[in-house]
Each structure stands twice: as C-alpha cells, then as structure tokens.
Amino acid sequence: MSSRSLLSCAVAAAALVGGNAAASTINQSTSWTITRSGATSTYRVVAYGDSIYAGYNGDLFSVGKRAAPLVDGEYLSTKWNANMEVIRRTKSGAVASDIYNNKIISERSYMQSSNTRVVTFEMCGNDYLQARSAFQDQTGTCSYAGLDTALANCTSYTEKAMQAINQYATTAKVKVVSTIYYPGFDADNVLTNCTDSTTGTKINTRTKFIPYLAKSNWRTCNLAEKYGFKCADSFAEFMGADYDSNGDGQLDRDALRYRSGETEADYVTRITSTLFSTLRDANSHFAGSAVSYDYIQSDNTHPTYYSSSTIGLNWFTGNGSGSGAASFLNAQIVNGQNPEWNKSGHEKMGWTISTLDPTTP
C-alpha cells in the first residue's frame, strides 16, 4: 500500500473514533502573502481558531484560500498599500481548550513577530456542536449538563485567549474576536427525543439551544470590551438580513448586534424573543427582500467562499503556504467593500473583521 493510502486510512480511522467525526481533529494551518506592486512594507495578520478560520472545504489536504482572515488581509493590503502575510494557525474539529493550549499558547511565536498588526481568533464552535449532538441523541429525561459545560468552557477559554494575546501580541494595533453564528438554525426546529424533567414533554431543540448561543456571544463581546478587543459579530451578520425586514428602521443585522452596556439578560431577550422573527437560517442570507445568498456549505456547518481557489496542505504537517496578488483591484473596493462582500459566508466574516481594522499600520 502506498504511503498516501496508508495516511488516508489512518485519518479515516481517526475520524470514526466514537462514531462522531466532530470529535476528531486535524491541523490545517496556512501562510499566504498578499503581494502588492510597489509596496515597501510587509505586515502580518495572525488568526487562531478551528475549521472556520482554517477555511475547511471538506478536504483534509487543502483548504479554501479566501477564508475570512485572508479576506481581511486583502482589505488591509488595499488600505495600507502594503504586502500582507496572513497566518492561519488552526485546528479543524478543535474545542476551545484545544485552540487555547495548542494554538494560541503553543504557537504564540506567530503573533510575536514584530510586523504583526492584527490578531484575530474564533473558538467554541465545536464545543457547542458536540454538546448539541449529544443532546439530540438523548432519550429518557433530558440532561442540560453538556450544554452548560460548553457555555462554561467557552467563557473560560475565550477570556484566557484574550489574556494571552494581550501578553504576546505586543505590536498588534487591533485584536478581534468573532462571535458564533448558528449553523442548522432551521434543522434544529424539531422536538427532542428526550423529555424535560419539569414538564414531562419533549422540547424544541432550537428553542433550548439558542439562549446558550446568545449568552455565549454576549459574554464574548463583553469580554472583548474588558480586554481591549474588538468584537466581530458574525452571529448578527450571518443570521440577520442586510435590509430592514420588520420596519423598525434598522437593517436586521444592525439591530441584532451586541450593544455595549446592555445586560446579558436583556441581550438574550432581544435575540430569543424581541427580534427572533428576524433571524434566518444562513443558508438563505437575504441581501435584500428578493435577493439571497447561501452562507453555509452543504455540510450545514461551514461558511461558503467566493472563488474555488485552495491552498494545498502537507500530508504530514497540515501546513500550506503561497503568495499572490489580491483578487480585487483598488478601484473595485468601494466604501470598504469588494463586489462580493456579502455574497458568501467567508466574504461577510472577513469584511466584518475589516471594519474594525485601524486606518494605518
């Protein structure tokens, strides 16, 4: 058997441990330099996270080139007229503790480079995906302990991550954390197999799950304020339309965003009740009343891309690299938006981060 076949078998076996692929992990890290004609300086964006920032595309040995951090890097290259190194140190399938310990801490040298100007991270998605999967598999009396643990771990490691990045990324001009969107929003609108201990009845999975996600996102943005980070509200950008669907005078995505000074309880009420009717599954993200785009891949989990370009990964290290010019000319960036800014999940997430970037390096 060839070495490639042996490796493929090994990875496949790992993915089947416990019968749940979500519990397996694989390093998928890249370095891509955006080159700009005439540029005399090179700056760095460092992104830590799981399969979202990795640019997961269903392939173990390649990732999507235009994942959110690279999209942000292109905006920065235009804004600063500079070459941009986009470093993605990511581990697909990893929970928050894994990202913190084995990426942010173990691979801190990437953000310690003197040319680092932006550090961004996302985590916790796999904590909640695994907790949701376990919850959906329950029979008998429902236990919410797994959901509670996911929320507690996410809160704890998000704070630890911010503290570490503040310690090590001493040349960063801005530090950004992303909130979590809700993959499977429509699919979760079903009754559980288990019954609630108080009512004795089955409960709606989405109704139970979304308050946990709302609490998590409020805590993420609240911690960001505490530690001097910016909060890129991907939940609002993915789940809310780019127009005013309910006539309240605000674009839906703007109305859903985290508000400084709002309590956790008030935010949760606003998301789960007051504005709940404006939430939409990100498979149909409305850019207008009659125009929608698919923000989620066919796996109903990962963001979609503009462009089919990929970055190949080494079979053994999980690393990949490359360089090239930006996909869009300066003249195509109008009001800080490229022509594809809201037509796919990664473009929207990258643009959201870019709105928080400094004007100068």
Under 3.5 Å: donor-acceptor pair, side chain of Thr301, backbone of Asp299: yes
Tyr75 and Asn338 side chains, donor-acceptor separation under 3.5 Å: yes
No-hydrogen, no-angle side-chain donor-acceptor test under 3.5 Å, Asn27 and Ser29: no
Side-chain donor-acceptor pair present, Asn153, Ser156, cut-off under 3.5 Å: no
Exercise: do Thr263 and Asp266 side chains pair donor with acceptor under 3.5 Å: yes
Least distance between heavy atoms, Lys65 atom then Arg88 atom: O-NH1, 2.9 Å
Polar contact flag, side-chain donor to acceptor under 3.5 angstrom, Asn204-Asn189: yes
Tyr56/Gln297 under side chain to side chain donor-acceptor pair (under 3.5 Å): CA gap, chis, key distance, verdict: CA-CA 10 Å; Tyr56 182 78; Gln297 295 179 42; over 6 Å; no
Residues forming a side-chain contact (heavy atoms from CB on, under 4.5 Å) with Glu264, sequence neighbours excluded: Lys215, Trp218, Arg219, Val268
Side-chain H-bond candidate by donor/acceptor type, Lys202 with Asn193, under 3.5 Å: no
Within 45° cone of Tyr144 ring axis and under 6.0 Å: Lys208 NZ or CZ: yes
Minimal non-hydrogen separation, Ala94 against Asn126, with atom names: O-ND2, 2.9 Å
Axial cation check for Tyr48 ring with Lys103, 6.0 Å and 45° limits: no
Tyr100 and Tyr157 aromatic ring geometry - parallel, tilted or perpendicular at 30°/60° bounds: tilted
Full working for salt bridge (Lys or Arg N to Asp or Glu O under 4.0 Å) between Lys348 and Asp242: CA-CA 11 Å; Lys348 184 53 137 347; Asp242 296 328; 3.0 Å; yes
Met123-Leu129 co-clustered via ILVMFWY side chain contacts under 4.5 Å: no
Donor-acceptor contact below 3.5 Å, side chain Thr352 vs main chain Ser234: no
Closest non-hydrogen atom pair between Asn57 and Gly64, with its separation: ND2-N, 3.9 Å
Carboxylate-amine/guanidinium contact Lys91 Asp98, below 4.0 Å: yes
Parallel, tilted or perpendicular: rings of Phe238 and Tyr295 (30°, 60°): perpendicular
Arg206 charged N/C atom sitting above Phe185 aromatic ring, 6.0 Å / 45°: yes
His302-Ser51 side chain donor-acceptor pair, cut-off 3.5 Å: yes
Ile311 with Val45, same ILVMFWY side-chain cluster at under 4.5 Å: yes
salt_bridge(Arg132, Asp188) N-O dist < 4.0 Å: yes
Pairs flagged by salt bridge (charged side-chain N to carboxylate O under 4.0 Å, His left out) wherever residues 30-58 is involved - sequence neighbours left out: Arg44-Glu85
Distance-only donor-acceptor check, side chains Ser143 and Gln138, under 3.5 Å: no
Heavy-atom donor-acceptor pair, Thr179 side chain to Phe235 backbone, under 3.5 Å: yes
Over 12 foreign heavy atoms within 6.0 Å of NZ, Lys230: no
Lys/Arg cation over aromatic Tyr305: Arg66, 6.0 Å, 45° cone: no
Aromatic ring pairing Tyr128/Phe209, orientation class (parallel under 30°, perpendicular over 60°, tilted between): perpendicular
No-hydrogen, no-angle side-chain donor-acceptor test under 3.5 Å, Ser245 and Asp252: yes
